[in-house]
Amino acid sequence: MDLKIASVHKSFANFPALVDVDLDIKSGELVALLGPSGSGKTTLLRVLAGLEFPDYGAILFGGENMAIKPVRERGVGFVFQHYALFKHMTVLDNIGFGLSVRPRADRPGKTQIRKRAQELLDLVQLGELGSRFPHQLSGGQKQRVALARALAIDPRVLLLDEPFGALDAKVRKDLRRWLRELHLKTGTTMVFVTHDQEEALELADRVVIMNRGRIEQIGTTDEVYDHPATPFVFDFLGTPNVFAAHVDGRKVTIDGDPSPIETHSIHPAGAVDVYVRPAELQVVVSEKLGLGATVTDVQRAGPVVRMLATLDDGRRVELELPHASPDAGSYAPKQRIRVRPRQFSVFPRGGVPRIATPSAAHAAESGERSRA
Amino acid sequence: MTEKRIDHSLLDPPKLPFEPLLERNAVITEQPWVRWLLIGSALLFLLGFLFLPLVAVFTEALRQGVGVFWESLKDEDALAAIRLTLITAGIAVPLNVVFGVAAAWAIAKYEFRGKAFLVTLIDLPFSVSPVVAGLIYVLIFGAQGWAGPWLADRDLQIIFAVPGIVLATVFVTFPFVARELIPLMQAQGSEHEEAALSLGATGWQAFWRVTVPNIKWGLLYGVLLCNARAMGEFGAVSVVSGHIRGETNTMPLHVEILYNEYNFAAAFAVASLLAGLALVTLALKTYLEHRHADALAASHRH
């Protein structure tokens, strides 16, 4: 079932939760809504489900307008962050609930409901736990039961609200992989909300990045990571180092760096901000390249070494080196180094596009990603 | 190379004197004599003001033997009072269950203007003297009241009749169910109902199959308190009843009449029924409190 959301607005009191949101989701796709809290991602999911109604705009499920239909007529499976299992029912009764509340005419018999519930329980690999009550399950098991319950009604689309938010890191990772497999197996269109960028990038076919009720960018993991459309997207996908720089044709000169960096793309001339990920900032040996800095802290974090340094002008930068790299162990606080970006994104200074020619301005606005 | 010196004090810490620590936790516990004084005075107070009167009710009721006790209860007027009390509670309690659930639902699940005012209003019967509650109805429905002439034209009697007693009782017992349910339903939120609706349940199905099981212990607890008060209410009912024997006398009113006639055995016999009701209520309440607390805790735990 493909979904189309067109010009959807929603505000609470005077707070605009969704502003002119357009989104197309293809049948069978697994899409992540990613953003900080208050960005409108959960509101968008609830509007899709029919748990909230948009102030205006259209929501199409395979061409049928759903914007004013209540949740029970939409045929969506909704999985809540805190599972919302019915605590007075057994696991099997929870899963069978959706079938047992159907109108008498198309309600399956009791034994059929039990059989279907057991099938779904097997699908989520909890086959033995049918007679347990929710309080006898672990968090990860509860979330799987909640998923099975949502799948029991053969939903047209499965919506998941921070499905792994309440689980610990290890369980979350396992469930993530498992959900990906489940998606491949069932082919159901799925939309999930998360504030965890790693989760979104690892799990989804496409990621929708939201900020203050608006969609900042829609794209595959590669697209949003390699070609962030806005400084916000870059910022949200990883703490960047920001340098002031000047552009002249293919040459990007970071203020304070004696030699310009040659890029493949052309940017409109003028002042820009250069965004660099910690892993893409490198230590250079030559005195004629890069910016002088003093190491302030070196910290091992699992497979990487994180290094903080202070530039000569007083600003702090962060570098990330793979622990396996030959020089990773050779840095210590107070050491003098020179740093230079290996790869970066260029955004017009202060986020305001400078107009050179319309097409060039657009190129700058969409944040051309440059390789040195 | 300097010789490594081993710090023996770390390897072998000095033996602590093996003395039993003081039995009491010094920070929060008083001296024994203070403790005994406090506990003793509390027990004496309970004995004198709660337990002895209760015992007195039953001893007075049975003072002239079980025969007289039964005779007093089988008296026609006494039976009428018991019947009226049951009827009143039988109407007031279900009404308040419906009102209470509806009010708690509205307050817990929706945001609307005037919500704080509604919550205050629900508490009004707790803060108003029952006599005033009774007078309100006399002023409205009494012969000289606002609706008096209109009712008289149609030969409808509310004051000094069963409807007035029921109204006054409903008023006085109004907060019990709502008060129990509001915090419970607020704590539970609406996620379970949303889940039920998303699975295709109608609002009615969601209410009976999800909401009611979630609130049942709190609801029973509220019903119990509501019932105890409905049967025991004196002040408000006294104002609107008119004290007509065999017709508008509830049990508490009947006790008063018998007592004023110096018919102590009969008065205490009926009073012992009310006291018995109180004891049963207390036992059930303790049990329900236990279950209700579990439900509240569970909804916090998730």
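Not measured: the values here are computed from a predicted model.
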J.: Below 4.0 angstrom, N of the basic side chain to O of the carboxylate: do A:Lys26 and A:Asp205 qualify?
T.: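 Looking at A:Asp205 together with A:Lys26, the answer is no, because their closest N to O distance does not fall below 4.0 Å.
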J.: With no hydrogens and no angle check, is any side-chain donor or acceptor of B:Thr85 less than 3.5 Å from a backbone partner on B:Met251?
T.: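 Yes, B:Thr85 side chain to B:Met251 backbone: donor-acceptor pair under 3.5 Å.
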J.: Quick one: pull up OG1 in B:Thr173 and CG in B:Asn227 and give me the separation to the nearest 0.5 Å.
T.: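 Here the interatomic distance stands at 9.5 Å.
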J.: Drop me the distance from B:Phe174's CZ to B:Asp123's CG, to the nearest 0.5 angstrom.
T.: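 That separation rounds to 10.5 Å.
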J.: Regarding B:Thr211 and B:Glu193, do their side chains bring together a donor and an acceptor under 3.5 Å, going by distance alone?
T.: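 Note: B:Thr211 and B:Glu193 side chains meet the donor-acceptor criterion.
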J.: Atom CG in B:Leu181, atom CH2 in B:Trp105: separation rounded to 0.5 Å?
T.: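 That separation rounds to 11.5 Å.
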J.: Give me the one residue out of A:His195, A:Glu199, A:His82 that meets side chain to side chain contact (heavy atoms under 4.5 Å, CB included) with A:Glu162.
T.: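 Option passing the side chain to side chain contact (heavy atoms under 4.5 Å, CB included) with A:Glu162: A:His195.
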J.: Between B:Ala196 and chain A, with a heavy-atom cut-off of 4.5 Å, which part of the residue counts as in contact: side chain, backbone, both or neither?
T.: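 Its backbone and side chain both get close to chain A.
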J.: Between A:Lys4 and A:Asp24, does any NZ, NE, NH1 or NH2 come within less than 4.0 Å of an OD or OE carboxylate oxygen?
T.: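 Counted as a salt bridge, because a side-chain N and a carboxylate O are separated by less than 4.0 Å.
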J.: Where on B:Ser190 is there a heavy atom nearer than 4.5 Å to chain A: the side chain, the backbone, both, or neither?
T.: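 For B:Ser190, neither part sits under 4.5 Å from chain A.
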J.: Apply the test ring-ring contact (aromatic ring centres under 6.0 Å, His included) to residues B:Tyr221 and B:Phe176: give CA-CA distance (whole Å), side-chain angles for both, the deciding distance (0.1 Å), then the verdict.
T.: CA-CA 9 Å; B:Tyr221 186 54; B:Phe176 286 98; 9.9 Å; no
J.: Is B:Gln205 in contact with chain A via its backbone, its side chain, both, or neither, using a 4.5 Å heavy-atom distance?
T.: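 When you check distances to chain A, only side chain atoms of B:Gln205 fall under 4.5 Å.
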J.: Which region of A:Leu85, side chain (C-beta onward) or backbone (N, CA, C, O), has a non-hydrogen atom less than 4.5 Å from a non-hydrogen atom of chain B, or is it both or neither?
T.: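 Interface part for A:Leu85: backbone (N, CA, C, O).
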J.: Using a heavy-atom cutoff of under 4.5 Å, enumerate the residues of residues 144-159 of chain A that contact chain B, numbered in order, or state 'none'.
T.: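 Answer by number: A:Arg149, A:Ala150, A:Ile153.
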J.: In residues 37-57 of chain A, which residues are in contact with chain B at a heavy-atom separation under 4.5 Å?
T.: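 Residues of residues 37-57 of chain A touching chain B at under 4.5 Å: A:Arg46, A:Leu51.
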J.: Any donor-acceptor pair under 3.5 Å linking the side chain of A:Glu29 with the backbone of A:Arg206?
T.: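 Looks like no, no N/O pair under 3.5 Å.
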J.: Within this structure, what is the CZ-CD distance for the pair A:Phe80 and A:Gln143, rounded to the nearest 0.5 Å?
T.: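 If I round to the nearest 0.5 Å, the distance is 10.5 Å.
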